[in-house]
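Computed from a predicted model, the values in this text were never measured in an experiment. Residue numbers start from 1 in every chain, and the chains themselves are labelled A, B, ... in the order their sequence lines are given, proteins ahead of strands.
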Amino acid sequence: MAETTHGIGGLKYDHSKRERPQELNVFIALILIVAVFEGLGFWLMGQSFLFDSGDRFDSIFNEARLQIIILQVAIIGIIAIGVTQVILTGGIDLSSGSIVGAAAMIAMSFAQVAEVNGFPNPKGIFIEQGWVDLPVIVPIAVGLACGVVAGGINGALVAYTKIPPFIATLGMMVTARGVAKWWSKGQPISFPTESYSKLGAGMTPVVIFLALAVLFHLILRYTVYGKHTYAIGSNEAAARMSGINVARHKVMVYTIAGVLASVAAIVLSSKNLTAQSGMGVMYELDAIAMAVIGGISLQGGRGSVIGTVIGALIFGVIISGFTFLRLDAYYQEMVKGAIIVGAVVLDQWRQNKGGKT
Amino acid sequence: MAETTHGIGGLKYDHSKRERPQELNVFIALILIVAVFEGLGFWLMGQSFLFDSGDRFDSIFNEARLQIIILQVAIIGIIAIGVTQVILTGGIDLSSGSIVGAAAMIAMSFAQVAEVNGFPNPKGIFIEQGWVDLPVIVPIAVGLACGVVAGGINGALVAYTKIPPFIATLGMMVTARGVAKWWSKGQPISFPTESYSKLGAGMTPVVIFLALAVLFHLILRYTVYGKHTYAIGSNEAAARMSGINVARHKVMVYTIAGVLASVAAIVLSSKNLTAQSGMGVMYELDAIAMAVIGGISLQGGRGSVIGTVIGALIFGVIISGFTFLRLDAYYQEMVKGAIIVGAVVLDQWRQNKGGKT
Amino acid sequence: ETIGVSMAAFDDNFLTVLRNGMIETADGMDGVDIQVEDAQNDVARQLDQINNFIASGVDAIIVNAVDTSATQAMSAAAESAGVPLVYVNREPINVDELPDNQAFVASNEIESGTLAAFEGCKMLRAAGYAGGADIYILMGELSNQAAVQRTKDFHDVISMDMCSFINIVDEQTANWSRDEATDLMTNWLSSGDEFQAVFANNDEMAIGAIQALKASGVAMDDVIVTGVDATQDALVSMSQGELDVTVFQDAAGQGTGALNAALALAAGEEVDQKVYIPFILVTPDNMGEFMGAN
Amino acid sequence: MADIILKTEGLTKHYGGVHALTNANFEIRKGEHVAIMGDNGAGKSTFVRQITAVEQRTSGKITFDGKEVAFEGPLDAREAGIETVFQTLALADHLDVSDNLFLGREKILFKLGPFSILDYKGMREATRAALQKTGVKIPNFRNTIQNMSGGQRQCVAIARTATFHSKLTIMDEPTAALGVQETAQVENIVRTLKEAGEPLILISHNMRQVMDLCDRIVVFRRGQIVANLKKEETDGQDVVAYITGAKTQPEYAEAAA
Amino acid sequence: MADIILKTEGLTKHYGGVHALTNANFEIRKGEHVAIMGDNGAGKSTFVRQITAVEQRTSGKITFDGKEVAFEGPLDAREAGIETVFQTLALADHLDVSDNLFLGREKILFKLGPFSILDYKGMREATRAALQKTGVKIPNFRNTIQNMSGGQRQCVAIARTATFHSKLTIMDEPTAALGVQETAQVENIVRTLKEAGEPLILISHNMRQVMDLCDRIVVFRRGQIVANLKKEETDGQDVVAYITGAKTQPEYAEAAA
Ligand SMILES: Nc1ncnc2c1ncn2[C@@H]1O[C@H](COP(=O)(O)OP(=O)(O)OP(=O)(O)O)[C@@H](O)[C@H]1O
Ligand SMILES: Nc1ncnc2c1ncn2[C@@H]1O[C@H](COP(=O)(O)OP(=O)(O)OP(=O)(O)O)[C@@H](O)[C@H]1O
Ligand SMILES: OC[C@H]1O[C@@H](O)[C@H](O)[C@@H](O)[C@H]1O
Ligand SMILES: [Mg+2]
Ligand SMILES: [Mg+2]
């Protein structure tokens with residue numbers, strides 16, 4: 001037993017019994033879930049979940065499955081990175097899904113081609129104004145601006161009017177969805193330029209997701225912004241008394257979350273080659289669930305982006321696993337609810353066990 | 001200045017400057033919103049919002065409007081009474097809308113008539129089993145049982161596994177919606193017995209809503225159950241150390257919320273003479289918004305059912321007001337979001353002003 | 001054979017009939033396995049479901065598109081994986097450029113709204129309102145193309161000379177829902193304005209309006225109500241003299257047709273790449289034919 | 001030994017790698033008042049939390065009132081007869097004084113299970129009497145706890161404990177935030193308990209107070225008990241020597257090595 | 001009078017109907033150490049919260065360092081040079097000691113606006129030094145505040161204040177939860193401030209401490225100042241008489257009527 005007395009004087013402290021990092025627990029949950037699907041796969045389908053059983057791929061893995069597992073959560077994952085930060089401050093963001101809808105509609109309307117098959121773009125929004133075939137930077141800038149505005153309003157409401165984030169962002173959820181429907185009177189917007197189409201093509205969403213995850217992981221860990229985010233979530237009054245400009249910081253955090261939602265909107269509309277006013281409905285709940293499954297405490301102050309990424313992967317595995325097992329769609333939802341709960345319970349349980357010795 | 005020293009020894013205490021009860025602030029917000037619609041009505045429509053301008057009624061009021069204002073929020077209002085209690089304990093319930101869906105489907109399938117227009121009920125679920133034309137107590141009991149089960153599971157998860165209520169009830173939200181879709185494979189269930197049809201007919205939903213509101217107002221105020229609900233929301237650790245059985249109490253609160261959601265389901269399906277698996281989508285958010293607009297603190301421990309009733313009325317006024325002004329559907333949502341936020345901001349602001357002197 | 005099916009939504013009445021028709025047909029066939037997924041009205045989820053089907057190695061895919069403008073990406077995904085694809089019920093935007101092993105069995109939404117509104121217009125004339133009639137329009141979910149299209153159809157009909165006597169008092173959304181339509185109608189009634197007809201984007205909302213009208217004591221003979229879908233509830237309502245017009249779309253027929261096309265493509269056979277299933281106008285005169293259909 | 005009300009044997013608590021409490025053997029007789037002293041972080045509150053089952057102990061045995069006990073939570077401990085003033089006070093911020101005083105054992109007008117009707121009037125009167133004992137000044141009697149000063153809160157917590165009879169009372173630094181007068185009042189309450197023969201464990205950093213009120217002093221250091229001193233056989237300087245580590249009683253020498 | 005660092009005139013705070021602080025006229029010179037004493041609920045912490053702008057005052061005037069000030073919040077007060085140990089400590093529970101010590105004024109490796117890179121190593125070393133001064137024992141240095149004992153927390157809060165130079169230091173009952181040794185250490189810190197000529201307002205219920213450390217004692221009663229006593233001209237009993245209301249200085253007689 002490696003017992004040692006540490007710190008300044010004081011009690012015995014046994015290094016070997018340090019608490020396991022939260023993320024490890026979540027990771028173990030992920031592995032467990034994969035193992036279950038792998039087992040069920042052999043038992044029920046006579047087929048491997050993650051490995052190449054039909055010899056369809058060059059490697060030993062079912063590459064198509066590995067790709068779709070992460071691809072299908074990459075976009076909500078991008079949102080979850082922002083939501084993670086909001087939750088870390090002790091807040092919540094219910095508006096992300098609607099921001100996706102609004103930003104997708106608006107960005108896409110600046111990304112349209114003039115002609116489709118030689119005819120004028122049948123879905124063209126700004127054909128009359130001649131705002132077609134614009135350089136890709138225009139829709140990107142417009143889309144991000146939507147995120148800045150919506151997120152900024154969220155932040156300002158939370159920071160300056162002191163209303164609960166739940167309500168501020170619920171209001172934005174309703175309003176932004178209204179904007180999405182109003183923008184083109186409910187008509188979907190399609191036929192983007194080739195350069196815009198590339199933003200969400202193939203595995204690009206995954207690359208963007210992971211790059212943003214790494215970036216924000218580093219920011220939260222090593223910068224003043226990160227430290228203050230945790231401090232506010234841990235004890236807002238203390239943060240204020242310590243001289244942190246809490247209001248300004250919150251505006252920043254909600255704005256970043258808004259921007260990440262609009263990044264998701266751009267990638268999503270590009271991936272689907274269309275924008276639709278119903279896009280992103282309920283994404284906020286999935287994003288929050290990913291964060292919480294990943295160990296972010298809804299009280300604020302605890303968790304990390306790595307956890308959120310693992311939380312997203314758990315979602316991806318579940319969705320793919322269900323299709324793989326050909327689980328009836330009716331049962332999918334019922335079971336999905338149970339798994340969300342189960343993953344968090346498992347995590348909670350491992351944590352308690354770790355804490356107790 | 002009526003200054004008096006109160007309590008046991010101590011400071012000067014000025015009775016006249018006591019804090020205004022929260023509910024009064026919310027009520028003022030309600031009046032303000034009505035006044036705005038009244039004003040806009042005269043200005044834009046040349047018509048009164050609440051008063052009888054066309055001489056169509058016996059009283060000075062537009063009775064039809066007064067009725068619909070409360071009728072259209074009565075059902076979500078019933079849910080909000082339960083949600084209020086959950087929020088008072090510091091929790092949240094995202095599952096109410098889905099419980100409505102599941103309970104409506106299940107209850108309605110036990111409330112069907114054998115024959116429609118002389119033909120066997122085309123939507124009959126239990127025709128083969130002969131479970132048709134059952135006494136109304138059967139679907140009511142079955143419906144309430146759904147609420148007990150779903151709410152009980154919510155409560156048990158929150159109380160015993162210690163996972164955040166947001167996640168426990170999010171899981172139930174997904175699962176119960178799955179149950180609603182699976183129950184009749186997505187088929188709507190229609191043609192209820194006459195006795196069942198009466199449960200939601202005319203102004204019955206309003207009567208049920210108000211009766212439940214009064215009942216739970218009294219319970220929260222004058223019983224041990226109520227005191228413990230507030231205590232848990234105020235400081236859960238303290239409640240536990242004071243010897244309150246926090247876990248058992250939470251199970252009770254979530255179960256009551258589940259039951260109230262299933263009451264809403266019965267009334268709703270009766271009112272519409274049909275049950276559909278998509279019923280109740282997003283009701284949870286409206287119910288939460290009603291409670292918060294009514295002054296229930298999302299931190300727990302503060303607020304009352306009276307506030308929630310006023311919050312519901314604010315919703316009702318907004319919806320009716322929009323239709324009255326013939327506001328374009330596209331703008332309705334945008335404005336609705338803003339009004340939700342505005343009502344809470346107003347309330348917050350009045351409260352601060354009151355507290356400051 | 002394994003067929004993967006992605007439906008736009010499970011809690012949609014009409015699509016449920018279509019889906020169940022398809023499942024029944026498949027159950028009756030030997031060696032056909034179908035796996036039906038619920039896209040929950042999310043375009044992105046639908047695309048992911050298609051990719052999941054591909055990862056699981058299905059033999060063909062059937063898609064009931066959430067958003068008919070989002071079909072390009074789906075066609076591309078299936079094509080590059082070499083999996084046959086059939087669109088059902090909603091016409092894909094890339095219908096003219098479908099690859100060889102893709103097809104569609106769908107209906108043209110322009111018909112549904114037009115048939116209903118035009119019949120409503122004729123009935124109003126017949127009732128002697130050619131000098132002017134006031135109507136309300138109940139719209140479906142504003143993010144849904146059927147709603148947007150049908151509303152547009154209504155407007156197009158009303159802008160025709162023959163129907164230009166019709167004046168729209170107000171149009172609002174009730175999100176396809178009977179409950180919301182009931183409340184909305186009651187709100188309209190509370191303002192006391194006279195009107196002669198209600199045009200609804202679907203039957204559920206039409207029934208909601210009827211329930212509100214009945215509750216406030218309006219005689220159903222005095223108001224013309226139109227819907228779309230020809231659901232059981234709607235036909236019963238029509239038989240009771242409440243609903244005046246609806247439009248039938250052969251749900252089960254579409255489902256079966258799509259399944260057959262998918263199986264044929266999976267077997268490498270040639271199929272018709274475009275199959276249009278027409279809408280049929282339903283009035284009290286011919287409603288008997290549709291009982292028990294949808 | 002029937003007159004031992006509480007006894008712990010080998011009581012131990014680890015938080016992850018932190019050995020907050022190691023092998024504590026402690027006993028207190030009926031009617032006896034025992035003080036626990038020790039530096040900050042010495043494990044005093046941890047000891048209290050194990051006895052009252054606010055946390056579950058890592059190992060060790062607890063005997064209360066003659067029976068070995070394994071309380072599931074503070075509710076059990078209280079029902080068994082242990083009243084505690086916790087260092088963190090355990091008050092519900094949004095409730096008023098009388099609500100807090102009676103939290104978990106409300107006076108009832110009419111029994112109806114969980115929906116029993118509260119006897120507000122009875123509770124309010126009892127509260128007034130209880131507070132008078134502590135001598136605290138509270139300007140607005142219906143004020144919620146969140147609006148009270150640190151000392152006012154502490155008095156509410158103490159009044160709560162003193163209002164109900166118990167087999168053992170534990171107070172964790174009850175006068176830390178109190179003013180001169182209020183401290184005197186609370187010390188009076190403690191003397192009343194002594195006269196009534198009710199046993200007490202008092203955690204305090206105040207040497208004068210401990211010497212005034214207690215029969216015996218147990219010293220904690222670095223998570224371990226290092227001394228057990230009769231009041232008559234020790235004095236302030238001696239106790240400080242044990243606290244700081246200058247001295248250790250021979251019977252505890254091994255532990256503190 | 002250029003050597004007055006802080007002066008309040010008619011400072012008043014009402015909470016709804018509660019007159020927590022009425023018409024407080026107070027001043028402190030550079031280098032001076034002033035104690036504030038008074039019963040629980042007398043308004044001492046309220047006084048501190050008005051000066052540091054944690055709350056906005058109802059009325060009155062505050063002059064700091066020669067200028068009339070109207071701080072918007074505690075950030076302003078700190079930037080103007082007032083360091084405070086609040087009674088409620090103001091620590092972030094999920095952060096560790098060094099994070100808390102430097103909260104709001106982190107050491108920076110590389111400046112990038114809000115995204116400036118933290119100098120963890122530098123902060124950790126400085127923390128070790130600062131804690132040594134308070135003499136507190138903390139077994140695991142990376143432990144988060146939530147896992148610390150009451151006294152450990154208080155030491156972290158004090159270390160924070162003592163680490164940064166300031167024009168005025170305010171401590172609200174800093175040693176309330178501290179053990180014998182830790183109290184002695186904190187009193188040493190206060191003496192160091194005195195030697196360095198830094199002024200201090202010390203709120204304490206501990207008469208010995210106040211007499212040891214301060215030049216002057218201001219007594220609060222029922223929200224009002226009732227006495228302003230030079231240490232040399234008073235003694236413990238005298239102060240207690242003012243606290244309890246047995247005595248009131250003639251110049252404050254009207255106020256306390
Ligand atoms: N949950 C926890 N996790 C890790 N360490 C903990 C936890 N709770 C307490 N500790 C540590 O255990 C030790 C004992 O703490 P305890 O609160 O018992 O001290 P104490 O003697 O009551 O001190 P004080 O006089 O300051 O109140 C401290 O070093 C503290 O940091
Ligand atoms: N937010 C508030 N609302 C209403 N009353 C308040 C509020 N804050 C403080 N008070 C009251 O003001 C009075 C003064 O409180 P304060 O905290 O200043 O006392 P104190 O002198 O610091 O006491 P202690 O020595 O116990 O810390 C108390 O009676 C308290 O109940
Ligand atoms: O997408 C939802 C809608 O789909 C339509 O086809 C149907 O007619 C409507 O009733 C509604 O269900
Ligand atoms: Mg302690
Ligand atoms: Mg104080």
Trainee: Side chain, backbone, both or neither: which part of B:A168 has a heavy atom under 4.5 Å from chain A?
Mentor: backbone

Trainee: Closest approach of A:K336 and B:V174, non-hydrogen atoms and distance?
Mentor: CB-CG1, 4.2 Å

Trainee: At what distance, to the nearest 0.5 angstrom, does CD1 of A:I167 lie from CD1 of B:I293?
Mentor: 6.0 Å

Trainee: If you apply the rule side-chain contact (heavy atoms from CB on, under 4.5 Å), what do you find for A:V344 with B:F166, and how did you get there?
Mentor: CA-CA 11 Å; A:V344 179; B:F166 194 98; over 6 Å; no

Trainee: Locate the shortest heavy-atom distance separating A:M334 from B:T175; write the atom from each residue and the value.
Mentor: O-OG1, 2.9 Å

Trainee: Do B:M173 and A:M282 have side chains that approach each other closer than 4.5 Å (heavy atoms only, starting at C-beta)?
Mentor: yes

Trainee: Spell out the residues in residues 88-103 of chain B that have some non-hydrogen atom less than 4.5 Å away from a non-hydrogen atom of chain A, in order of number; otherwise answer 'none'.
Mentor: B:I92, B:L94

Trainee: Return the minimal non-hydrogen interatomic distance between A:Y330 and B:W182, and the atom names on each side.
Mentor: CD2-CA, 3.4 Å

Trainee: Measure A:L298 against the heavy atoms of chain B and call it side chain, backbone, both or neither at under 4.5 Å.
Mentor: side chain

Trainee: By a 4.5 Å heavy-atom criterion (distance strictly below it), what part of B:L170 contacts chain A: side chain, backbone, both, or neither?
Mentor: side chain

Trainee: Please report the shortest heavy-atom distance between B:G171 and A:V341, naming the atom on each side.
Mentor: CA-CG2, 3.8 Å

Trainee: Given heavy-atom pairs under 4.5 angstrom as the criterion, report whether the side chain, backbone, both or neither of B:L157 touches chain A.
Mentor: side chain

